[in-house]
Amino acid sequence: MNTDLIEELVRRVTAFTLNHHDERDPWEKSVALSGILAWNDPAAVAAAQGWIDRAVATQNSDGNLNYADTYDAPPGHIKSFTPTAPLTSSLALPLLRYYERSGDPRYLEAADLQMQALLNTPRTSAGGFWSRGEGPELWIDMVYLMTPFLVLYGQIKDDPAYLDEAVKQHRVAVERLVDPFTGLSRHAWCEVPNHYPQSTFWARGNGWLIAVTVDLLEMMGPHEGRDFIAETGLRTIRKMAELQDRSGYFRHVLDGPGSRKEASATLIYAYAVAKAVRLGLLEDSYLPSAWRAFEVVAGSVTEDGMVPGVAVPPGGPGVPFAWAPFGQGFFLLAAYELTGRAAGN
């Protein structure tokens, strides 16, 4: 796939994303924001800044950004979802990126309030932040959604304690959710009663893990937890590579032969592999599989820029397929890595 075609797709995907903003979405648009900021088109960055301004304007008294309303879930493994700060902290990462660009003190103040909300979140007995208000649960999603914010906030505040907390949250989730036999992650674990309410090897869940692996390793410097993050995340990438369909797609349940092919996990794999290769974490021989993943999804992008075939939240077996802002965002991020833009090419 040539660069001109990819850049045209990026323009279409960006335009669709900006034209379909959900005012009350407290997390899905965070990945879209990261993708828009990566490509750094001035008009798109300025338009998306309006999303951040609204997230700040609708920040709750408890510090959670962007409404953070409880919602009824579509068919899946839960009936409702009451957001906790690990979810809404996803928006605090692009919030801080805009702070770095603008120096606007409103953004840092909002990040301070979001961080306090995060640190006030109830914890499991091992210290992991609850993933939703309904109970003491850990979801693999939250490692991606909250730990980069912790790292960047600590860098801005020049306080290594936040990096320590990020590494702790990553370790607690991985030790509880990643299967030691396969290296693949389960979706969700409940502490009381002790069980896995969603125990499959859900593709996007594993995608969250490999994406946060490469993001944290790029962001953080030396730390005693670095090797753990690298070893566990790269093992998951290698296992996912074994399960990639000939078409380039990954199935919604990774090892489920009858499971549907799913776009967002496929794009996350493309992004994470390309970034891991760029960072020297993974062998170049994995790049063809990343290209196959990206190209097969790119072929499905609609004329107006929608990325279809995305399993909607909360994920896991039984949920409908549609489009989602994070699917749009990972298309942009994967394209950014694969075209060499991240390396300055």
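The basis for the numbers below is simple: all heavy atoms, side chains too, and nothing from hydrogens, waters or symmetry mates.
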Can you see which heavy atom on [X] is nearest to which on [Y], and at what distance?
X: L234; Y: A276; result: CD2-CB, 4.5 Å
X: F149; Y: A111; result: CZ-O, 3.7 Å
X: T84; Y: W130; result: OG1-O, 2.9 Å
X: G225; Y: V167; result: CA-CG1, 3.8 Å
X: G316; Y: W202; result: N-NE1, 3.1 Å
X: A92; Y: Q114; result: CB-CG, 3.9 Å

Should the pair [X]-[Y] be classified as a salt bridge under the 4.0 Å nitrogen-to-oxygen rule?
X: E100; Y: R97; value: yes
X: D245; Y: R251; value: yes
X: D141; Y: R204; value: no
X: R24; Y: D69; value: yes
X: R132; Y: E137; value: yes
X: R106; Y: D53; value: yes

| message | Let's go through Y269 and S289 carefully: what are the C-alpha distance in whole Å and the side-chain angles of both, what is the deciding distance for side chain to side chain donor-acceptor pair (under 3.5 Å) to 0.1 Å, and is it a yes or a no? | response | CA-CA 9 Å; Y269 175 84; S289 69; 2.7 Å; yes
Does the side chain of [Y] come within less than 4.5 Å of [X]'s, by heavy atoms?
X: L9; Y: R12; value: yes
X: I140; Y: W189; value: no
X: V31; Y: L333; value: yes
X: L267; Y: F294; value: yes

| field | Stepwise side chain to side chain donor-acceptor pair (under 3.5 Å) test for R186 and N206 | value | CA-CA 8 Å; R186 304 190 189 279; N206 285 274; over 6 Å; no
| message | So if I apply the side chain to side chain contact (heavy atoms under 4.5 Å, CB included) rule between Y162 and each of L152, T147, L119, V151, which one comes out positive? | response | L119
| said: So, taking the atom named CG in D41 and the one named CD1 in I36, what distance separates them when rounded to the nearest 0.5 Å? | reply: 9.5 Å
Would you check if there is a donor-acceptor pair between the side chains of [Y] and [X] at a distance under 3.5 Å?
X: H252; Y: K261; value: no
X: E28; Y: S30; value: no
X: Y99; Y: E109; value: no
X: Y153; Y: D159; value: no
X: Y249; Y: Q244; value: no
X: D62; Y: N64; value: yes

| request: Report the residues that fulfil salt bridge (charged side-chain N to carboxylate O under 4.0 Å, His left out) with R235, sequence neighbours left out, ordered by chain and then residue number. | output: none
Is there a donor-acceptor contact under 3.5 Å from the side chain of [X] to the main chain of [Y]?
X: T266; Y: F250; result: yes
X: T82; Y: E134; result: no
X: Q328; Y: W323; result: no
X: E191; Y: N194; result: no
X: K168; Y: G127; result: no
X: T236; Y: T232; result: yes
X: T121; Y: A117; result: yes
X: R292; Y: R246; result: yes

| request: Compute the centroid of each ring, for F81 and then for W27, and state whether the two points are separated by less than 6.0 Å. | output: no
State yes or no: do [X] and [Y] share one hydrophobic cluster built from I, L, V, M, F, W and Y residues joined by side-chain heavy-atom distances below 4.5 Å, directly or via other members?
X: Y67; Y: L145; result: no
X: L113; Y: M146; result: no
X: L209; Y: L281; result: yes
X: L243; Y: I237; result: yes
X: L5; Y: W39; result: yes

Enclosure of [X] [atom1] (heavy-atom neighbours >12, cutoff 6.0 Å):
X: E283; atom1: CD; value: yes
X: D158; atom1: CG; value: no
X: E7; atom1: CD; value: yes

Anything under 3.5 Å between a donor and an acceptor, one on a side chain of residues 172-180, the other on a protein residue two or more places apart or in another chain? List them.
{"unit_1": "E175", "atom_1": "OE2", "unit_2": "R171", "atom_2": "NH1", "d": "3.3"}
{"unit_1": "D179", "atom_1": "OD2", "unit_2": "T182", "atom_2": "N", "d": "3.0"}
{"unit_1": "D179", "atom_1": "OD2", "unit_2": "T182", "atom_2": "OG1", "d": "2.8"}

| request: Could you give me the CA-CA distance, side-chain angles and deciding distance for R123 and E165, then say whether salt bridge (charged side-chain N to carboxylate O under 4.0 Å, His left out) is met? | output: CA-CA 12 Å; R123 297 176 184 249; E165 185 67 67; 3.2 Å; yes
| request: Fit a plane to each ring of F16 and H20, take the angle between them on a 0 to 90° scale, and name the class: parallel (under 30°), tilted (30 to 60°) or perpendicular (over 60°). | output: parallel
| query | Parallel, tilted or perpendicular for Y271 and F330, by the 30°/60° rule? | reply | tilted
| Which is it for N66 and W51 under the side chain to side chain donor-acceptor pair (under 3.5 Å) test, yes or no, and what are the steps along the way? | CA-CA 9 Å; N66 211 112; W51 301 2; over 6 Å; no
